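Report on one structure; see the data block that follows.
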Amino acid sequence: MALYSAAAAVLAGVESRQGSIKGLVYASRFQNVKQLYALVCETQRYAAVLDAVIASAGLLRAEKLRPHLAKVLVYELLLGRGFRGGGGRWKPLLNRHQARLKAELARLKVHRGVSRNEDLLEVGCRPGPASQVPRFVRVNTLKTCSDDTIDYFKRQGFSYQGRASSLEDLRALRGKCFLLDPLLPELLVFPAQTDLHEHPLYQAGHLILQDKASCLPAMLLAPPPGSHVIDACAAPGNKTSHLAALLKNQGKIFAFDLDAKRLASMATLLARAGVSCCQLAEEDFLAVSPSDQRYRQVQYILLDPSCSGSGMLTRKLEESGAGTPSKKRLHALAGFQQRALCHALTFPSLQRLVYSTCSLCQEENEDVVQDALQQSSGTFRLAPVLPSWPHRGLSTFPGAEHCLRASPETTLTGGFFIAVLERVEEPSSVSQAKESAPELRPSPAPKRKRRRSKAAAPSNTLSCI
């Protein structure tokens with residue numbers, strides 16, 4: 001199976017220091033990037049355990065397997081999905097040794113005095129709060145709706161538990177149960193580690209696998225249909241597709257990114273999601289002229305620039321110390337982020353901007369926002385949003401409490417930072433500004449459907465960009 005061969009190649013590249021997991025996964029050109037990335041990360045996390053089991057079982061002596069491929073296959077057999085839905089020619093080969101491999105894994109647990117697979121890991125590799133983050137699934141309203149999607153999952157044997165009322169409801173999710181998120185009306189919540197990459201609704205673009213914190217920037221920008229929007233650093237495209245859904249494909253999204261490969265992958269993602277209002281450009285946002293007539297109607301900008309990624313749930317699986325970037329790297333990143341934010345604020349018709357990162361570092365978050373506000377000379381201010389959100393910005397300057405932070409511990413999401421900046425309006429324009437920036441409120445939970453579900457037969461016809 002191509003997945004396992006690709007995973008073995010990435011593992012070999014990481015061990016020979018050819019690059020990071022993420023870089024090698026993107027370079028592999030494997031179609032399902034997230035699936036490959038997850039398999040490699042988990043195999044690497046259990047590498048020492050897998051090496052011990054493979055050696056004790058004598059697998060490499062019995063079969064002509066490359067060590068990295070053997071490691072991937074044994075992970076899938078003993079700790080992963082168990083070759084559900086495939087496995088190709090590797091499945092019968094591993095099944096011949098299944099009993100011995102399972103026995104060696106059990107013997108290793110007895111020897112170390114543990115009962116769970118996770119307890120075999122070194123302390124630094126054991127799952128923490130990040131492993132308890134649920135699987136968030138955004139319903140793509142360009143193709144379907146929450147009601148139809150819920151009905152589809154119910155027909156597949158999932159139990160719909162209604163709208164969650166607290167984080168404890170999300171923590172308690174188990175098995176084939178799912179909930180509606182208490183804040184975002186198109187966000188479904190499944191138990192942690194639920195794998196939907198092979199699900200037909202995902203494959204058809206009806207579902208977007210996107211962390212809740214990553215959904216907030218587009219929702220807080222809240223551009224009404226017909227708006228002109230800039231997505232300044234757009235790839236890989238989940239937030240762009242979310243913007244298009246909010247616009248109902250009515251209006252324009254100008255999406256910029258410098259990485260040609262990431263932009264090509266993004267074009268595929270947007271086509272699958274049915275996005276038709278987006279113009280992609282392989283261009284540096286800093287080189288885009290605010291006076292260009294093409295952008296004279298842009299009132300909304302989403303800026304999610306390159307960052308250290310210190311809040312990413314899988315970051316520490318790539319390399320030790322990845323969660324604590326060096327001061328030199330932070331200084332370079334913050335410099336770029338500050339220039340990008342100040343540049344965005346110079347667009348003449350801009351009314352509302354969302355700045356977000358998947359970083360936990362003050363240098364990339366509050367410090368960047370504070371500096372941009374100071375340079376704007378009172379033209380922009382921080383908008384107070386989501387007053388009930390439990391994790392606020394660090395108190396580094398007056399008003400920083402209007403910023404939002406997210407983490408596995410406090411919000412059951414990935415680590416994230418969001419600031420909403422709005423233009424300070426003249427008194428005559430205040431009412432118009434309020435209309436363009438609605439406050440998010442939980443919507444009623446979807447009712448039980450009494451008609452045929454559109455999601456029951458996902459279309460494979462993809463809209464062009």
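Note that the coordinates shown come from a computational prediction; the quantities given were computed from them, not determined experimentally.
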With a 4.0 Å cut-off, would you call Arg405 and Glu366 a salt bridge? yes
Would you check if the side chain of Lys143 reaches a backbone N or O of Ala204 as a donor-acceptor pair within less than 3.5 Å? yes
Strictly distance-based, threshold 3.5 Å: is any side-chain N or O of Asp181 a donor or acceptor partner for the main-chain N or O of Leu184? yes
Has the side chain of Asn140 got a donor or acceptor atom that lies under 3.5 Å from a matching backbone atom of Ala273? yes
With side chain to side chain donor-acceptor pair (under 3.5 Å) as the criterion, how do Glu409 and His391 come out once you've worked through the C-alpha distance, each side chain's angles and the decisive distance to 0.1 Å? CA-CA 10 Å; Glu409 297 83 0; His391 197 171; over 6 Å; no
With the side chain counted from C-beta on, respond yes when Leu382 and Val369 share a heavy-atom pair under 4.5 Å apart, and no when they do not. yes
For a quick check under 3.5 Å, do Ser407 and Thr410 share a side-chain donor-acceptor pair by atom type? yes
Once you round to the nearest 0.5 Å, how far does CG of Leu180 lie from CG of Asp169? 11.5 Å
Aromatic ring proximity, centroids under 6.0 angstrom, His331 and Phe336: no
Are the side chain of Thr194 and the backbone N or O of Phe190 linked by a donor-acceptor pair below 3.5 Å? no
To the nearest 0.5 Å, what is the distance between CD on Gln279 and CG on Asp231? 13.0 Å
Checking Trp389 against Leu183 for the side chain to side chain contact (heavy atoms under 4.5 Å, CB included) test, could you report, in this order, the C-alpha distance in whole Å, the side-chain angles of both residues, the deciding distance, and whether it holds? CA-CA 10 Å; Trp389 189 259; Leu183 177 63; 4.1 Å; yes
Any donor-acceptor pair under 3.5 Å from Asn249 side chain to Val275 backbone: no
Nearest non-hydrogen partners of Ala344 and Leu353, listed with the distance: CB-CD1, 3.4 Å
On a heavy-atom basis, the closest approach of Thr43 and Leu50 is O-CD1, 3.7 Å
Side chains of Lys109 and Arg116: closer than 4.5 Å at any heavy-atom pair? no
So Val25 and Phe30, do their side chains get closer than 4.5 Å, heavy atoms only? no
If you look at every heavy atom in Cys277 and Leu247, which pair is closest and at what distance? SG-CD1, 4.4 Å
When rounded to the nearest 0.5 angstrom, what is the spacing between CG in Leu421 and CG in Leu341? 6.0 Å
Does Arg135 make a cation-pi contact with Phe178, if we ask for NZ or CZ under 6.0 Å from the ring centre and within 45° of the axis? no
Just by distance, no angles: are the side chains of His197 and Gln203 close enough, under 3.5 Å, to form a donor-acceptor pair? no
Assess the side chains of Asn238 and Gln210: does a donor N or O sit below 3.5 Å from an acceptor N or O? no
How about Glu401 and Ser395: does a side-chain donor come under 3.5 Å of a side-chain acceptor? no
Counting C-beta onward and ignoring hydrogens, is there a side-chain heavy-atom pair between Ile21 and Cys41 closer than 4.5 Å? yes
Roughly how far apart are Leu333 CG and Ser359 OG, rounded to 0.5 Å? 8.0 Å
After noting the C-alpha distance and the side-chain angles of Leu36 and Asn32, does the key distance pass the side chain to side chain contact (heavy atoms under 4.5 Å, CB included) rule? CA-CA 6 Å; Leu36 176 59; Asn32 195 328; over 6 Å; no
Salt-bridge contact Asp51-Lys71 (side-chain N to carboxylate O under 4.0 Å): yes
Is a side-chain donor or acceptor of Arg339 paired with a backbone partner of Gly335 at a separation under 3.5 angstrom? yes
Audit row: Glu363, Gln337, side chain to side chain contact (heavy atoms under 4.5 Å, CB included) steps and yes/no: CA-CA 10 Å; Glu363 294 89 338; Gln337 293 152 357; over 6 Å; no
Spatial distance of atom CD (Glu63) from atom CG (Leu93) [nearest 0.5 Å]: 4.0 Å
Which word best sums up how the rings of Phe153 and Phe158 line up, parallel for under 30°, tilted for 30 to 60°, or perpendicular for over 60°? perpendicular
If we ignore hydrogens and angles and just use 3.5 Å, is the side chain of Asp257 paired with the main-chain N or O of Glu282 as donor and acceptor? no
Could you walk me through whether Thr357 and Asn365 satisfy the side chain to side chain donor-acceptor pair (under 3.5 Å) test, starting with their C-alpha distance in whole Å, then the side-chain angles of each, then the deciding distance to 0.1 Å, before giving a yes or no? CA-CA 7 Å; Thr357 74; Asn365 298 329; 2.7 Å; yes
Beyond-backbone contact of Phe417 with Leu404, side-chain heavy atoms, under 4.5 angstrom: no
Ring pair (Phe, Tyr, Trp, His ring centres under 6.0 Å) between His68 and Tyr4, worked out: CA-CA 10 Å; His68 295 103; Tyr4 304 126; over 10 Å; no
Is the backbone of Ile150 close enough, under 3.5 Å, to the side chain of Asp148 for a donor and an acceptor to pair up by distance? no
Which heavy atom of Leu360 sits nearest a heavy atom of Ala406, and at what distance? CD2-O, 4.2 Å
Under 4.5 Å between any side-chain heavy atoms of Leu303 and Cys233, yes or no? yes
Of the non-hydrogen atoms in Leu105 and Asn117, which two are nearest, and what is the gap between them? CD2-OD1, 3.8 Å
Does any donor atom in the side chain of His242 or Glu186 lie under 3.5 Å from an acceptor atom in the other side chain? no
Side chains of His206 and Thr149: does their closest heavy-atom pair fall under 4.5 Å? no
I'd like to know if the side chain of Ser5 and the backbone of Ala2 have a donor-acceptor N/O pair within less than 3.5 Å. no
Determine whether more than 12 heavy atoms belonging to other residues, nucleotides or ligands lie under 6.0 Å from atom NZ of Lys102. no
Looking only at non-hydrogen atoms, find the nearest pair between Leu270 and Cys278 and report the distance. CD1-SG, 4.0 Å
Short side-chain to backbone donor-acceptor contact, Arg100 and Gly58, under 3.5 Å: no
Please determine, by modelled atom types, if Arg138 and Ser241 share a side-chain donor-acceptor pair under 3.5 angstrom. yes
About how many Å separate NE2 of His97 and CD1 of Ile54, when rounded to the nearest 0.5 Å? 11.5 Å
Between Gln35 and Glu198, is any side-chain donor less than 3.5 angstrom from a side-chain acceptor? yes
So does Arg66 have more than 12 non-hydrogen atoms from other groups sitting under 6.0 Å from CZ? no
Less than 4.5 Å apart, any side-chain heavy atom of Leu108 and any of Ser56? no
Are Phe256 and Asp284 close enough, and set up right, to give a side chain to side chain contact (heavy atoms under 4.5 Å, CB included), and what steps lead you there? CA-CA 7 Å; Phe256 303 97; Asp284 183 354; over 6 Å; no
